[in-house]
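Read the structure below first, then the notes.
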Amino acid sequence: MTKEFRQHVFVPPAGAADILLVRHGESEPAIPGKPFPLKDGHGDPALHPNGESQAEAVAARLKSVPFSAVYVTTLRRTRQTAAPLLEHLALEPIEERDLREVFLGDWDGGEYRIRAAERHPAFQCAEASHEWGEIPGAETTAQFTGRVRAGLLRIAAAHPDQRVAAFVHGGVIAAAMSIATGVPAMTFLGAANGSFTRLVIHGDKMVVRGYNDMAHLE
């Protein structure tokens, strides 16, 4: 009999954590002169009705996945997005503070969206240099990336050989992709609301297995 060599099929290494990063659903719009409420200095908008629909679509796609845990951040848009899935899975969310969105200083509470739409010079500098610290009062890219890395490694260490979901933010997903691939910090900024990004983490090594999967939203 002729010996056959099949194509390789990826299997996470023993002890690795398989982490699905879910970007929260669309949040309520920013309105000039009406800042979002703040949570520990971070803008904390609720979900827009469209974001609520995205949360239901996320739950419909993931409700049969055997997640060992579901993580959220300190900000309510991640909790609200996770809520339909948590109901299906009968799990309680675990909060991971270090995966909250980048602190935007003077532009938090919705101002960042307005300044970005206006192409403010500081926004253009931040975008060109991949440096969040160009925004007045914001945390630096190094600070943000450092805490995102710490949060991801903490989750991975708690879940060897398990699959978990983490409901996070667009900036966090970009930071995670930068850590895993070595590309500049904002390269992957803009993952769709309700989309999935998959990381397999073994020790301090991160492998990307998917980015911006939104088949359930189309």
Side-chain angles (χ1 to χ4, degrees), residues 10-12 16-30 36-37 39 42-102 110 113 148 151-177 180 188-201 206-218:
F10 176 82
V11 177
D18 197 340
I19 302 176
L20 191 70
L21 301 178
V22 183
R23 189 182 178 194
H24 63 78
E26 181 184 351
S27 58
E28 58 191 342
F36 299 138
K39 170 79 171 181
H42 292 257
D44 194 25
L47 289 185
H48 183 276
N50 188 50
E52 294 173 354
S53 297
Q54 291 164 339
E56 293 291 346
V58 166
R61 183 166 173 194
L62 297 180
K63 63 184 180 181
S64 298
V65 178
F67 290 114
S68 298
V70 174
Y71 284 79
V72 296
T73 76
T74 58
L75 303 174
R76 60 178 167 166
R77 54 196 183 272
T78 64
R79 292 177 176 272
Q80 290 173 337
T81 306
L85 178 63
L86 288 165
E87 185 174 354
H88 281 294
L89 300 178
L91 290 174
E92 290 295 321
I94 303 171
E95 184 176 284
E96 176 46 72
R97 179 178 176 82
D98 277 345
L99 296 187
R100 69 196 185 281
E101 185 59 291
V102 59
R113 291 193 205 171
V148 168
L152 291 172
L153 292 181
R154 191 157 42 244
I155 291 173
H159 297 280
D161 298 313
Q162 294 179 343
R163 181 178 294 180
V164 301
F167 286 74
V168 296
H169 307 268
V172 170
I173 291 170
M177 291 292 290
F188 286 95
L189 199 61
N193 291 109
S195 66
F196 304 155
T197 294
R198 182 185 171 202
L199 292 179
V200 172
I201 303 180
M206 301 186 190
V207 177
V208 178
R209 297 299 300 167
Y211 169 71
N212 201 39
D213 176 354
M214 52 183 184
H216 52 293
L217 303 174
E218 296 175 338

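- If you take CG on L47 and NE2 on H24, they are separated by 8.0 Å, rounding to the nearest 0.5 Å.
- Atoms CD1 and OG1, on I173 and T197 in that order, are 4.5 Å from each other to the nearest 0.5 Å.
- Looking at D44 and F36, their side chains never come closer than 4.5 Å, going by heavy atoms from C-beta outward.
- Nearest heavy-atom pair, L153 versus M206, reported as atom, atom and distance to 0.1 Å: CD2-CE, 3.9 Å.
- Looking only at side-chain heavy atoms (C-beta outward), V58 and H216 come within less than 4.5 Å of each other.
- Atom CD of Q54 is separated from atom NE2 of H48 by 9.5 Å, given to the nearest 0.5 angstrom.
- We find the CG-CD distance between L75 and E101 to be 8.5 Å, quoted to the nearest 0.5 Å.
- Considering all non-hydrogen atoms of both residues, L85 and A59 come closest at N-CB, 3.5 Å.
- Here the side chains of V200 and I19 are not in contact, with every heavy-atom distance at 4.5 Å or above.
- For the side-chain hydrogen bond (donor to acceptor under 3.5 Å, both in side chains) with S27, the lone residue among R76, R113, H169, Q80 that qualifies is R113.
- Scanning both residues, A176 and L21, for their nearest heavy atoms gives CB-CD1, 3.9 Å.
- Shown here for N193 and L217, the closest heavy-atom pair between the two residues is O-CD1, 3.1 Å.
- Considering only heavy atoms from C-beta on, V65 stays 4.5 Å or farther from L20 through its side chain.
- Under the rule for a ring-ring contact (aromatic ring centres under 6.0 Å, His included), the partners of Y211 that lie at least two apart in sequence or sit in another chain are F188.
- Of all heavy-atom pairs spanning L189 and G170, the tightest one is CD1-O, 4.0 Å.
- Here the straight-line distance linking atom CZ of R23 with atom OG1 of T78 works out to 12.0 Å at 0.5 Å rounding.
- Annotation: side chain of R79 is in contact with side chain of E95 (closest heavy-atom distance under 4.5 Å).
- Between the side chain of T73 and the backbone N or O of V168, no donor-acceptor pair lies under 3.5 Å.
- Shown here for L99 and I155, the closest heavy-atom pair between the two residues is CD1-CD1, 3.8 Å.
- The list of side-chain hydrogen bond (donor to acceptor under 3.5 Å, both in side chains) pairs with a residue in residues 151-168, not counting sequence neighbours, reads Y71-H159, E96-R154, D98-R154, H159-Q162.
- Scanning for side chain to side chain donor-acceptor pair (under 3.5 Å) contacts around S195 gives N212, with sequence neighbours left out.
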Begin from the C-alpha positions of L199 and V208 and carry the test side chain to side chain contact (heavy atoms under 4.5 Å, CB included) through to its verdict. CA-CA 5 Å; L199 292 179; V208 178; 3.7 Å; yes
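- Rounded to the nearest 0.5 angstrom, E87 CD and E56 CD are separated by 8.0 Å.
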